[in-house]
Amino acid sequence: NFGTVETIPEAFDREYLSPVQIGTPPQTVNLNFDTGSADLWVNTNETPENQQNGQVEYNPTLSSTAKKMEGATWDITYGDGSASSGIVYTDVVSIGGVTVQSQAVESAQQVSSSFQADAASSGLLGLAYGTINTVQPVQQKTFFENAMNDLASPLFTVNLMKQAAGSYDFGYINASEYTGEIQYTPVDNSRGFWGFNPSGFQVGNSSFNASSWYAIADTGTSLLLLPSGMVDIYWSAVSGAKFDALQGGYTFPCNTTLPSFTFGVEEYRGVIPGHFMNYAAITKTTCFGGIQSSDALGFSIFGDVALKAQFVVFDGGDNTLGWANK
Ligand SMILES: N[C@H]1[C@H](O)[C@@H](Sc2ccccc2)[C@@H]2OC[C@H]1O2
(Lines give C-alpha, C1' and ligand atoms only; values in the text may rest on other atoms or scores of the structure.)
Protein backbone atom coordinates (compact mmCIF):
# COMPACT_ATOMS: atom_id res chain seq x y z
CA ASN A 1 0.00 0.00 0.00
CA PHE A 2 1.39 3.44 -0.90
CA GLY A 3 0.16 6.85 -2.01
CA THR A 4 1.06 10.42 -2.89
CA VAL A 5 -0.66 13.75 -2.28
CA GLU A 6 0.16 17.21 -3.58
CA THR A 7 1.15 19.98 -1.20
CA ILE A 8 0.54 23.58 -2.23
CA PRO A 9 2.37 26.63 -0.81
CA GLU A 10 0.47 29.60 0.58
CA ALA A 11 1.92 33.12 0.18
CA PHE A 12 5.67 33.42 0.95
CA ASP A 13 5.76 29.60 1.31
CA ARG A 14 4.66 30.33 4.91
CA GLU A 15 2.77 27.02 4.98
CA TYR A 16 1.84 24.18 2.64
CA LEU A 17 -1.67 22.69 2.38
CA SER A 18 -2.68 19.19 1.24
CA PRO A 19 -6.16 17.69 0.57
CA VAL A 20 -7.32 15.02 3.05
CA GLN A 21 -10.49 12.91 2.80
CA ILE A 22 -12.38 12.37 6.10
CA GLY A 23 -15.55 10.31 6.62
CA THR A 24 -18.17 8.46 4.59
CA PRO A 25 -19.03 9.80 2.08
CA PRO A 26 -15.57 11.48 1.98
CA GLN A 27 -15.34 15.16 2.97
CA THR A 28 -12.18 16.83 1.60
CA VAL A 29 -10.40 19.44 3.75
CA ASN A 30 -7.03 21.10 3.10
CA LEU A 31 -4.70 20.57 6.06
CA ASN A 32 -1.25 21.81 7.05
CA PHE A 33 0.93 18.67 7.36
CA ASP A 34 3.13 19.28 10.38
CA THR A 35 6.14 17.07 11.17
CA GLY A 36 6.56 19.23 14.31
CA SER A 37 3.35 18.13 16.07
CA ALA A 38 1.21 14.99 16.44
CA ASP A 39 -2.46 16.06 16.53
CA LEU A 40 -4.81 15.81 13.54
CA TRP A 41 -7.30 18.60 14.20
CA VAL A 42 -9.86 20.24 11.94
CA ASN A 43 -12.47 22.99 11.82
CA THR A 44 -15.92 21.41 12.19
CA ASN A 45 -19.58 22.32 12.70
CA GLU A 46 -18.55 22.63 16.37
CA THR A 47 -16.03 25.44 15.73
CA PRO A 48 -17.63 28.76 16.81
CA GLU A 49 -18.64 30.84 13.78
CA ASN A 50 -16.87 33.90 15.25
CA GLN A 51 -13.62 31.92 15.28
CA GLN A 52 -13.75 31.16 11.56
CA ASN A 53 -13.09 33.04 8.34
CA GLY A 54 -14.69 30.81 5.72
CA GLN A 55 -12.62 27.67 6.36
CA VAL A 56 -14.01 24.42 4.89
CA GLU A 57 -15.33 22.24 7.75
CA TYR A 58 -15.51 18.51 8.43
CA ASN A 59 -18.98 17.66 9.77
CA PRO A 60 -18.97 14.32 11.64
CA THR A 61 -22.80 14.32 11.78
CA LEU A 62 -22.77 13.84 7.98
CA SER A 63 -20.38 10.87 8.14
CA SER A 64 -21.84 7.37 8.64
CA THR A 65 -18.48 6.13 9.95
CA ALA A 66 -17.83 8.95 12.48
CA LYS A 67 -17.85 7.85 16.12
CA LYS A 68 -17.49 10.23 19.08
CA MET A 69 -14.58 9.26 21.36
CA GLU A 70 -16.53 9.60 24.64
CA GLY A 71 -14.76 11.68 27.29
CA ALA A 72 -11.77 12.49 25.09
CA THR A 73 -10.44 16.04 24.79
CA TRP A 74 -7.40 17.71 23.26
CA ASP A 75 -5.60 21.00 23.88
CA ILE A 76 -2.45 22.12 22.06
CA THR A 77 -0.17 25.18 22.16
CA TYR A 78 2.36 25.53 19.35
CA GLY A 79 5.86 26.98 19.28
CA ASP A 80 4.61 30.28 17.88
CA GLY A 81 2.07 30.67 20.70
CA SER A 82 -0.97 29.72 18.64
CA ALA A 83 -3.38 27.26 20.24
CA SER A 84 -6.51 25.15 19.69
CA SER A 85 -8.59 22.63 21.64
CA GLY A 86 -11.77 20.53 21.55
CA ILE A 87 -13.22 17.04 21.50
CA VAL A 88 -12.40 13.89 19.52
CA TYR A 89 -14.01 11.58 16.94
CA THR A 90 -12.70 8.59 15.07
CA ASP A 91 -13.41 8.30 11.36
CA VAL A 92 -11.99 7.00 8.09
CA VAL A 93 -9.13 9.21 6.87
CA SER A 94 -7.52 8.89 3.41
CA ILE A 95 -4.49 10.71 2.02
CA GLY A 96 -3.43 10.13 -1.57
CA GLY A 97 -5.12 6.74 -1.59
CA VAL A 98 -3.69 5.54 1.74
CA THR A 99 -6.60 4.87 4.13
CA VAL A 100 -6.75 4.53 7.92
CA GLN A 101 -10.09 3.05 8.99
CA SER A 102 -10.17 4.52 12.49
CA GLN A 103 -8.11 7.70 12.84
CA ALA A 104 -8.51 10.11 15.78
CA VAL A 105 -9.90 13.30 14.24
CA GLU A 106 -9.81 16.19 16.70
CA SER A 107 -12.68 18.66 16.37
CA ALA A 108 -11.75 22.29 17.13
CA GLN A 109 -14.08 23.97 19.64
CA GLN A 110 -11.55 26.79 20.13
CA VAL A 111 -8.86 28.13 17.79
CA SER A 112 -6.55 31.11 18.41
CA SER A 113 -6.36 34.21 16.22
CA SER A 114 -3.73 33.07 13.71
CA PHE A 115 -5.79 29.97 12.88
CA GLN A 116 -9.00 32.05 12.72
CA ALA A 117 -7.35 34.31 10.12
CA ASP A 118 -5.92 31.46 8.02
CA ALA A 119 -8.91 31.02 5.70
CA ALA A 120 -7.29 28.44 3.41
CA SER A 121 -6.33 25.99 6.16
CA SER A 122 -8.95 23.77 7.83
CA GLY A 123 -6.47 22.51 10.41
CA LEU A 124 -3.27 20.55 10.98
CA LEU A 125 -2.25 16.95 10.36
CA GLY A 126 0.51 15.99 12.77
CA LEU A 127 3.34 13.78 11.52
CA ALA A 128 5.64 13.91 14.56
CA TYR A 129 5.74 11.04 17.09
CA GLY A 130 2.48 10.16 18.87
CA THR A 131 4.29 10.54 22.20
CA ILE A 132 3.47 14.27 21.95
CA ASN A 133 -0.19 13.86 20.90
CA THR A 134 -2.34 15.91 23.31
CA VAL A 135 -5.53 13.78 23.46
CA GLN A 136 -6.58 12.85 27.01
CA PRO A 137 -7.19 10.53 28.79
CA VAL A 138 -5.93 8.15 26.05
CA GLN A 139 -3.14 9.51 23.81
CA GLN A 140 -3.77 8.91 20.08
CA LYS A 141 -1.55 7.88 17.18
CA THR A 142 -0.85 9.96 14.08
CA PHE A 143 -2.14 9.09 10.63
CA PHE A 144 1.36 7.87 9.66
CA GLU A 145 1.72 5.68 12.77
CA ASN A 146 -1.70 4.11 12.09
CA ALA A 147 -0.87 3.53 8.41
CA MET A 148 2.80 2.54 8.77
CA ASN A 149 2.48 -1.22 9.11
CA ASP A 150 0.32 -1.43 5.98
CA LEU A 151 2.69 0.70 3.88
CA ALA A 152 5.07 -0.99 1.42
CA SER A 153 7.89 0.76 3.36
CA PRO A 154 7.41 2.31 6.85
CA LEU A 155 8.20 5.86 5.73
CA PHE A 156 6.91 9.06 4.18
CA THR A 157 8.84 11.56 2.09
CA VAL A 158 8.54 15.34 1.91
CA ASN A 159 9.20 17.26 -1.29
CA LEU A 160 8.26 20.90 -0.66
CA MET A 161 8.90 23.40 -3.48
CA LYS A 162 9.41 27.17 -3.58
CA GLN A 163 6.10 28.65 -4.80
CA ALA A 164 5.16 25.48 -6.66
CA ALA A 165 3.27 22.25 -6.00
CA GLY A 166 5.27 19.56 -4.21
CA SER A 167 4.23 16.24 -2.65
CA TYR A 168 4.07 14.04 0.43
CA ASP A 169 4.60 10.38 -0.55
CA PHE A 170 3.61 7.58 1.81
CA GLY A 171 5.21 4.11 1.69
CA TYR A 172 7.73 4.56 -1.12
CA ILE A 173 10.70 6.60 -2.33
CA ASN A 174 10.23 8.23 -5.75
CA ALA A 175 13.71 8.42 -7.29
CA SER A 176 12.57 11.16 -9.69
CA GLU A 177 12.12 13.62 -6.81
CA TYR A 178 15.84 13.98 -5.88
CA THR A 179 19.39 13.93 -7.24
CA GLY A 180 22.50 12.12 -5.99
CA GLU A 181 22.42 9.79 -3.00
CA ILE A 182 20.17 10.01 0.07
CA GLN A 183 22.17 10.50 3.28
CA TYR A 184 20.47 8.77 6.22
CA THR A 185 21.12 9.82 9.82
CA PRO A 186 19.71 8.63 13.17
CA VAL A 187 16.66 10.41 14.64
CA ASP A 188 16.59 11.53 18.28
CA ASN A 189 12.83 11.22 19.00
CA SER A 190 13.21 11.69 22.77
CA ARG A 191 11.18 14.93 22.59
CA GLY A 192 8.64 13.54 20.12
CA PHE A 193 10.20 15.38 17.17
CA TRP A 194 12.17 14.22 14.10
CA GLY A 195 15.36 15.41 15.78
CA PHE A 196 18.84 15.06 14.27
CA ASN A 197 22.41 16.40 14.54
CA PRO A 198 23.57 18.58 11.65
CA SER A 199 27.38 18.38 11.25
CA GLY A 200 28.13 22.00 10.31
CA PHE A 201 27.38 24.87 7.94
CA GLN A 202 28.86 27.00 5.17
CA VAL A 203 27.97 30.44 3.82
CA GLY A 204 28.24 30.77 0.04
CA ASN A 205 31.57 29.43 -1.23
CA SER A 206 33.43 30.04 2.04
CA SER A 207 34.89 27.21 4.13
CA PHE A 208 32.72 24.63 5.93
CA ASN A 209 32.39 25.18 9.69
CA ALA A 210 32.21 21.76 11.38
CA SER A 211 29.85 21.82 14.37
CA SER A 212 27.37 19.35 15.87
CA TRP A 213 24.09 20.47 17.43
CA TYR A 214 20.44 19.38 17.81
CA ALA A 215 17.78 20.42 15.32
CA ILE A 216 14.33 19.22 14.26
CA ALA A 217 12.83 18.82 10.77
CA ASP A 218 9.55 20.73 10.99
CA THR A 219 7.34 21.23 7.91
CA GLY A 220 5.02 23.44 10.00
CA THR A 221 7.68 26.07 10.66
CA SER A 222 8.18 28.57 7.82
CA LEU A 223 11.77 29.66 8.46
CA LEU A 224 15.22 28.14 9.06
CA LEU A 225 15.93 28.84 12.75
CA LEU A 226 19.56 28.33 13.84
CA PRO A 227 21.90 29.25 16.73
CA SER A 228 22.52 33.02 16.59
CA GLY A 229 26.28 32.52 16.05
CA MET A 230 25.57 30.90 12.66
CA VAL A 231 22.84 33.41 11.79
CA ASP A 232 25.17 36.35 12.53
CA ILE A 233 27.85 34.83 10.27
CA TYR A 234 25.36 34.39 7.42
CA TRP A 235 23.96 37.92 7.56
CA SER A 236 27.43 39.48 8.05
CA ALA A 237 28.05 38.33 4.44
CA VAL A 238 25.09 40.38 3.17
CA SER A 239 25.73 44.12 2.66
CA GLY A 240 23.06 46.23 4.31
CA ALA A 241 21.69 43.37 6.44
CA LYS A 242 20.89 44.29 10.02
CA PHE A 243 19.12 42.89 13.06
CA ASP A 244 15.89 44.88 13.38
CA ALA A 245 14.36 44.35 16.84
CA LEU A 246 11.12 45.97 15.71
CA GLN A 247 10.74 43.40 12.92
CA GLY A 248 12.00 40.65 15.23
CA GLY A 249 14.91 39.51 13.08
CA TYR A 250 17.41 40.24 10.34
CA THR A 251 16.30 42.39 7.43
CA PHE A 252 18.26 43.26 4.31
CA PRO A 253 17.94 45.43 1.17
CA CYS A 254 15.69 43.46 -1.21
CA ASN A 255 18.00 44.10 -4.20
CA THR A 256 20.95 42.37 -2.50
CA THR A 257 22.21 39.09 -4.00
CA LEU A 258 22.13 36.53 -1.19
CA PRO A 259 24.77 33.82 -0.64
CA SER A 260 23.67 30.18 -0.51
CA PHE A 261 23.55 28.34 2.85
CA THR A 262 24.93 24.80 3.05
CA PHE A 263 24.32 22.49 6.03
CA GLY A 264 26.03 19.22 6.83
CA VAL A 265 24.44 15.90 7.75
CA GLU A 266 27.40 13.60 8.45
CA GLU A 267 29.44 13.86 5.21
CA TYR A 268 26.41 15.03 3.17
CA ARG A 269 26.08 18.69 2.19
CA GLY A 270 22.58 20.15 1.75
CA VAL A 271 22.54 23.31 -0.35
CA ILE A 272 19.92 26.05 0.04
CA PRO A 273 20.05 28.59 -2.84
CA GLY A 274 20.62 32.21 -1.75
CA HIS A 275 17.26 33.50 -2.97
CA PHE A 276 15.50 31.02 -0.66
CA MET A 277 16.73 33.23 2.21
CA ASN A 278 14.57 36.10 0.98
CA TYR A 279 11.40 35.31 2.93
CA ALA A 280 9.18 38.32 2.27
CA ALA A 281 9.24 42.04 1.52
CA ILE A 282 8.42 44.28 4.48
CA THR A 283 8.53 47.45 2.39
CA LYS A 284 9.37 48.04 -1.29
CA THR A 285 13.06 48.04 -0.44
CA THR A 286 13.44 46.10 2.82
CA CYS A 287 13.09 42.30 2.98
CA PHE A 288 12.86 39.88 5.92
CA GLY A 289 15.43 37.10 6.11
CA GLY A 290 14.54 33.41 5.88
CA ILE A 291 17.34 32.45 8.31
CA GLN A 292 16.72 33.70 11.84
CA SER A 293 17.86 32.90 15.38
CA SER A 294 16.55 29.89 17.32
CA ASP A 295 18.09 31.10 20.62
CA ALA A 296 14.71 32.08 22.10
CA LEU A 297 13.35 28.57 21.35
CA GLY A 298 16.31 26.65 22.76
CA PHE A 299 16.61 24.35 19.73
CA SER A 300 17.10 24.72 15.98
CA ILE A 301 14.34 24.18 13.45
CA PHE A 302 14.86 23.20 9.82
CA GLY A 303 11.59 24.67 8.57
CA ASP A 304 10.27 25.24 5.07
CA VAL A 305 13.11 27.60 3.97
CA ALA A 306 15.47 24.62 4.29
CA LEU A 307 13.06 21.76 3.50
CA LYS A 308 11.94 23.23 0.16
CA ALA A 309 15.52 22.87 -1.08
CA GLN A 310 15.67 19.19 -0.09
CA PHE A 311 14.03 15.80 -0.53
CA VAL A 312 13.57 14.36 2.97
CA VAL A 313 12.75 10.77 3.98
CA PHE A 314 11.03 10.36 7.37
CA ASP A 315 11.64 6.68 8.14
CA GLY A 316 9.50 5.42 11.02
CA GLY A 317 10.85 1.87 10.59
CA ASP A 318 14.43 2.53 11.68
CA ASN A 319 13.86 6.07 13.00
CA THR A 320 16.15 7.80 10.55
CA LEU A 321 15.96 10.92 8.42
CA GLY A 322 17.18 10.79 4.82
CA TRP A 323 18.42 13.98 3.09
CA ALA A 324 19.03 14.61 -0.63
CA ASN A 325 19.39 17.63 -2.90
CA LYS A 326 17.05 18.00 -5.89
N1 LIG B 1 5.24 22.99 14.05
C2 LIG B 1 4.82 24.39 13.88
C3 LIG B 1 3.34 24.49 13.78
O4 LIG B 1 2.86 23.82 12.63
C5 LIG B 1 2.85 25.91 13.75
S6 LIG B 1 1.11 25.92 14.09
C7 LIG B 1 0.51 27.12 13.01
C8 LIG B 1 0.14 28.35 13.53
C9 LIG B 1 -0.39 29.32 12.68
C10 LIG B 1 -0.49 29.06 11.31
C11 LIG B 1 -0.10 27.83 10.80
C12 LIG B 1 0.41 26.86 11.65
C13 LIG B 1 3.60 26.72 14.82
O14 LIG B 1 4.74 27.38 14.27
C15 LIG B 1 5.89 26.57 14.51
C16 LIG B 1 5.33 25.28 15.05
O17 LIG B 1 4.20 25.79 15.73
Side-chain angles (χ1 to χ4, degrees), residues 7-20 29-43 47 51-56 74-86 95 106-135 142-145 156 158 160 166 168 187-189 191-196 214-226 248-249 279-280 288-308 310 312 314 321:
T7 192
I8 310 296
E10 290 296 296
F12 311 122
D13 296 344
R14 66 181 165 78
E15 67 182 17
Y16 291 76
L17 300 179
S18 299
V20 176
V29 287
N30 294 325
L31 302 181
N32 180 356
F33 287 16
D34 181 17
T35 60
S37 67
D39 284 56
L40 192 175
W41 70 261
V42 60
N43 277 19
T47 312
Q51 293 188 26
Q52 297 197 64
N53 186 15
Q55 285 86 350
V56 175
W74 62 283
D75 189 333
I76 193 165
T77 301
Y78 294 97
D80 68 348
S82 50
S84 49
S85 62
I95 299 177
E106 302 169 30
S107 168
Q109 293 179 317
Q110 182 275 326
V111 294
S112 65
S113 57
S114 56
F115 292 124
Q116 295 178 28
D118 196 352
S121 172
S122 294
L124 266 66
L125 188 134
L127 291 169
Y129 289 81
T131 50
I132 57 174
N133 172 268
T134 74
V135 174
T142 68
F143 171 86
F144 171 60
E145 288 169 328
F156 64 92
V158 179
L160 305 182
Y168 282 79
V187 161
D188 168 356
N189 60 12
R191 297 158 76 166
F193 298 124
W194 293 91
F196 68 106
Y214 170 82
I216 70 168
D218 181 5
T219 55
T221 289
S222 309
L223 305 183
L224 172 53
L225 304 176
L226 298 171
Y279 179 64
F288 192 73
I291 290 185
Q292 299 293 347
S293 171
S294 63
D295 290 1
L297 286 174
F299 58 92
S300 290
I301 302 183
F302 280 58
D304 300 335
V305 162
L307 299 176
K308 64 191 175 187
Q310 298 290 295
V312 190
F314 292 71
L321 275 173

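Both counts, for ligands and for their atoms, begin at 1 and track the order of listing.
- Between F299 and F193, the distance separating the two ring centers is shorter than 6.0 angstrom.
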Is there any protein N/O under 3.5 Å from an N/O of ligand 1, and what does the full list of such pairs look like?
from: ligand 1; atom 1: 1 (N); to: D34; atom 2: OD1; distance (Å): 2.9
from: ligand 1; atom 1: 1 (N); to: D34; atom 2: OD2; distance (Å): 3.2
from: ligand 1; atom 1: 1 (N); to: D218; atom 2: OD1; distance (Å): 3.2
from: ligand 1; atom 1: 1 (N); to: D218; atom 2: OD2; distance (Å): 2.8
from: ligand 1; atom 1: 4 (O); to: D34; atom 2: OD1; distance (Å): 3.4
from: ligand 1; atom 1: 4 (O); to: D34; atom 2: OD2; distance (Å): 2.9
from: ligand 1; atom 1: 4 (O); to: G220; atom 2: O; distance (Å): 3.4
from: ligand 1; atom 1: 17 (O); to: G79; atom 2: N; distance (Å): 3.4

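- Minimum interatomic distance between A108 and W41 (heavy atoms only, all atoms of both residues): CB-CE3, 3.8 Å.
- Screening residues 111-129 for side chain to side chain donor-acceptor pair (under 3.5 Å) gives Y129-N319 as the qualifying pairs, with residues at least two apart or on separate chains.
- Taking the centre of each ring, Y168 and Y16 stay at or above the 6.0 Å mark.
- Judged by distance alone, the side chains of S37 and D39 never bring a donor and an acceptor atom under 3.5 Å apart.
- If you look at F156 and F33, their ring centroids are not closer than 6.0 Å.
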